[in-house]
Amino acid sequence: MTTKYLLDETHLPTHWYNIQADLSQPLPPVLNPATHEPVTADDLAPLFPQALIEQEMTTEREVPIPEPVRDVYRQWRPAPLYRAHALEKALGTPARIYYKYEGVSPAGSHKPNSAIAQAFYNREAGVKRLTTETGAGQWGTSLSYAGALMDLDVQVFQVRVSYDQKPYRRAQMQTYGARCVASPSEETAFGRSVLAENPNHTGSLGIAISEAVELAAQDPDTKYALGSVLNQVLLHQTVIGQECMEQMVMADDWPDVLVGCTGGGSNFAGFAFPFIGQALRGGESPRIVAVEPSSCPTLTRGRYAYDYGDTAKMTPLTRMHTLGSGFTPPGFHAGGLRYHGMAPLVSHAKELGLFEAKAYPQKACFEAGIIFARSEGIVPAPEANHAVRGAIDEAIRCREEGKSETILFNLCGHGHFDMAAYTAYFEGDLSDHEYSDEELAMALSGLPSTGV
Ligand SMILES: Cc1ncc(COP(=O)(O)O)c(C=O)c1O
């Protein structure tokens with residue numbers, strides 16, 4: 001009986017995979033917010049180094065991973081893939097359940113896969129400082145770690161609610177040498193304007209992005225790094241799915257269904273796009289399920305429209321599933337899933353019918369995470385609990401239908417810094433929040449008018 005499928009370092013992917021090369025229709029263009037014309041590389045230059053702008057725009061199928069980035073990946077990659085024997089037993093399911101575990105990275109999630117790459121290209125371009133936002137704290141930690149390795153100063157705007165809930169994430173960022181401030185903050189004009197209206201604002205990823213972008217746009221030595229949503233970030237995460245494919249071959253099995261959670265879409269895309277690409281090129285075509293929180297339901301209830309990536313409306317306009325850039329989700333604990341939009345590439349793939357989406361309330365997700373922890377031992381991050389819930393429900397379906405399907409899900413991070421959220425669950429302090437149609441319509445009423 002095999003439990004772990006381990007690849008040695010010689011199997012570390014050499015390229016990132018770009019799904020754009022295999023799509024039947026091109027991604028809608030990103031628009032300049034002032035002119036509503038497609039953005040140019042020059043428009044993006046104040047925020048990103050040239051190499052990352054090229055990655056944002058490329059439609060090449062394979063992008064080589066630079067050797068210095070692969071050298072850092074070797075610290076924890078290839079990441080293990082597990083067969084969840086104990087979970088299968090606990091559920092009494094005939095399904096075979098596998099999970100890819102990204103929690104083995106130094107930050108505890110998939111986020112360093114992109115942080116290391118972004119920091120590397122910035123260092124190569126002579127950048128001195130990076131600014132960023134963080135919701136769960138996972139991305140801020142990852143960029144802080146990457147900054148320490150690549151000799152860059154890092155300033156992180158951590159969404160206020162998460163800053164207060166997770167002091168040890170802040171301490172970890174400090175340990176790596178970064179500066180972490182709660183957002184909205186007094187350090188930017190936009191932060192001050194939000195606080196002037198509401199001094200107790202709990203923050204949102206959209207606001208934290210505006211603060212980080214504002215600082216980067218003002219200083220030629222400072223660039224901005226984003227932890228999800230962008231094409232380049234999804235690209236960097238495809239090491240996950242590529243490794244999974246090799247590991248499923250090792251297991252002499254192949255998934256019938258893949259499950260991942262979606263915040264901005266990066267772990268889901270990194271995990272699922274290599275499989276979708278293979279299907280688009282005529283290979284096996286597993287069912288693919290994206291799971292999101294019902295309190296921030298971009299894919300299942302958002303509108304597919306052009307919108308800003310941030311609350312201050314400074315970023316370019318992208319066509320994506322959105323709840324409106326002014327949307328502030330409630331302070332529930334899956335901080336990494338609290339973004340008003342979805343990655344344009346994930347949104348486009350959804351419109352092309354390449355995967356299904358489901359939304360779950362948070363209590364059902366914690367319940368699933370606890371079943372998982374009590375059988376497999378790993379305590380998942382609250383974000384990852386959404387994927388666990390989705391996978392468990394597929395396994396229960398298999399039990400009810402008497403089917404022995406193969407289920408593969410992405411356990412994108414551990415929850416060691418999220419125990420306050422588990423405590424809140426055990427003490428009955430968590431509530432589920434569903435939006436009414438009226439509330440969602442209100443949030444969407446401020447969408448920019450681009451004609452689509
Ligand atoms: C552990 C974890 N999973 C998932 C997410 C959601 O981001 P994405 O959808 O880009 O993977 C986050 C974001 O912070 C996270 O920390």
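As the structure lists them, so they are numbered: ligands from 1, and atoms in each ligand from 1. Owing to the predicted nature of the structure, the values given are computational and were not obtained by experimental measurement.
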Check your understanding: With Q242, which residues qualify under side chain to side chain donor-acceptor pair (under 3.5 Å), at least two apart?
Key -> none

Exercise for review: Give yes if a backbone or side-chain nitrogen or oxygen of W139 is under 3.5 Å from a nitrogen or oxygen of ligand 1, and no if not.
Suggested key: no

Check your understanding: Heavy atom of C412 under 4.0 Å from ligand 1?
Key -> yes

Check your understanding: Stepwise, does the side-chain hydrogen bond (donor to acceptor under 3.5 Å, both in side chains) test hold for N113 with R77?
Key -> CA-CA 9 Å; N113 297 333; R77 305 210 73 86; 2.9 Å; yes

Exercise for review: Run the contact test for G265 against ligand 1 with a 4.0 Å cut-off on heavy atoms, strictly below, and give the result.
Suggested key: yes

Review point. Does any N or O atom in G264 lie less than 3.5 angstrom from one in ligand 1, N or O only?
Key: yes

Point to revise | Those atoms of ligand 1 less than 4.0 Å from some heavy atom in S228 | key: 8 (P), 10 (O)

Practice item. Work out whether the distance between some heavy atom of H110 and some atom of ligand 1 is less than 4.0 Å. Key: yes

Check your understanding: Should R301 and E439 count as an ion pair when the cut-off is N to O under 4.0 Å?
Key -> no

Point to revise | For S266, the ligand 1 atoms whose distance to one of its heavy atoms is below 4.0 Å | key: 8 (P), 9 (O), 10 (O), 11 (O)

Exercise for review: Provide the full list of ring pair (Phe, Tyr, Trp, His ring centres under 6.0 Å) pairs with a residue in residues 44-66, sequence neighbours left out, each pair given once.
Suggested key: none

Revision key, fill the gap. A student checking ligand 1 against A136 at a 4.0 Å heavy-atom cut-off should list atoms 14 (O), 16 (O)

Check your understanding: Measuring from the heavy atoms of K111, does anything fall under 4.0 Å of ligand 1?
Key -> yes

Review point. Would you call R123 and D151 a salt bridge, using N to O less than 4.0 angstrom?
Key: no

Review point. Under 6.0 Å between the ring centres of Y145 and Y176?
Key: yes

Practice item. Verify the ring-centre separation between W254 and F275: is it less than 6.0 angstrom? Key: yes

Revision key, fill the gap. Ligand 1 to T262, heavy atom cutoff 4.0 Å, flagged ligand atoms 9 (O)

